[in-house]
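The figures here come from the full heavy-atom set of this structure, side chains too, leaving out hydrogens, waters and symmetry mates. In what follows, chains are A, B, ... by sequence order, proteins preceding strands, each numbered from 1. Just so it is clear, the model here is predicted, and its values are computed rather than measured.
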Amino acid sequence: MRIGDLSARTGVSQRSLRYYENQGLLSTTRSPGGQRHYDEADVPRVQEIRAFLAAGLPTRVIAGLLNGLAVCRAAPDADEALHSWETLSRERSRITSVIDELVTARHALDELLAVNHAFLKEHPTAR
DNA sequence: GTTCTTACA
DNA sequence: TGTAAGAA
């Protein structure tokens, strides 16, 4: 499929898709005229890229993760897959830490909101 | 009509 | 990342 199709199917702009390719996150095949061609597997791949990007990972890291993912899928029991597996596992831990920090931040905000709510309850005219 | 590259806001 | 410009 062409870039317009992939864009429509993933909701990701053509601009971003070209950018992902430049960052080494996506590989494409070119038609004689120079047009990019994507295959079905690129749809879920773009979805993964979006998820990692949303998780705050820099494109450089994502490129490495995606490769590791490919390696593990190709030969789950190969030697090379072990290193990739560890890298992926490490990244999972990092993301878990970030989530924990976000949850903590949310708790803090909840408390501030609770205090503010209590204040307004005491002084209805304050607002 | 769709996509490509390059460049600018 | 959006958008514009000019070529393919």
**Message:** Looking only at side-chain N and O atoms, does A/R50 offer a donor or acceptor that is under 3.5 Å from a partner on A/Y20?
**Reply:** yes
When rounded to whole Å, the CG to C1' distance for the pair A/N22 and B/dT5 reads 10 Å
Discussion item. Under 4.0 Å between a side-chain nitrogen and a carboxylate oxygen: does that hold for A/E91 and A/R94?
Written reply: yes
From CE of A/M1 across to P of B/dT2 the rounded distance in Å is 17 Å
Separation of B/dT2 atom C1' from A/H37 atom NE2, nearest Å, is 12 Å
Original post:
Do A/Y38 and A/L26 come close enough that some side-chain heavy atom pair is under 4.5 Å?
Top reply: yes
To the nearest angstrom, the CZ-C1' distance between A/R2 and B/dG1 comes to 8 Å
(message) Assess the residue pair A/R30 and A/E21 against the criterion (salt bridge (Lys or Arg N to Asp or Glu O under 4.0 Å)); give the C-alpha distance rounded to whole Å, side-chain angles, the decisive distance to 0.1 Å, and a yes or no.
(response) CA-CA 12 Å; A/R30 300 288 187 121; A/E21 183 183 347; 3.6 Å; yes
Protein-proximity profile, nucleotides 1-8 of chain C, B/S/- by nucleotide at the 4.0 Å heavy-atom cutoff, equals BBB-----
So that I can tick it off, tell me whether A/R106 and A/E101 are bridged by a salt bridge, with the cut-off set at under 4.0 angstrom between side-chain N and carboxylate O. no
note: A/E21, atom CD; B/dC4, atom P; distance rounded to Å ~ 8 Å
- Pair A/S13, A/S16: side-chain N/O donor-acceptor within cut-off below 3.5 Å: yes
Rounded to whole Å, the CZ-P distance (A/R18 to B/dT3) equals 8 Å
Besides A/L112, the hydrophobic cluster formed by Ile, Leu, Val, Met, Phe, Trp and Tyr side chains linked at under 4.5 Å, directly or via other members, contains A/L109
Nearest heavy-atom approach of A/T87 to A/L65 is CG2-CD1, 4.2 Å
Where DNA chain C forms runs of at least three Watson-Crick or G-U pairs (i with j, i+1 with j-1, under 3.5 Å), the stems are B:2-8 with C:2-8
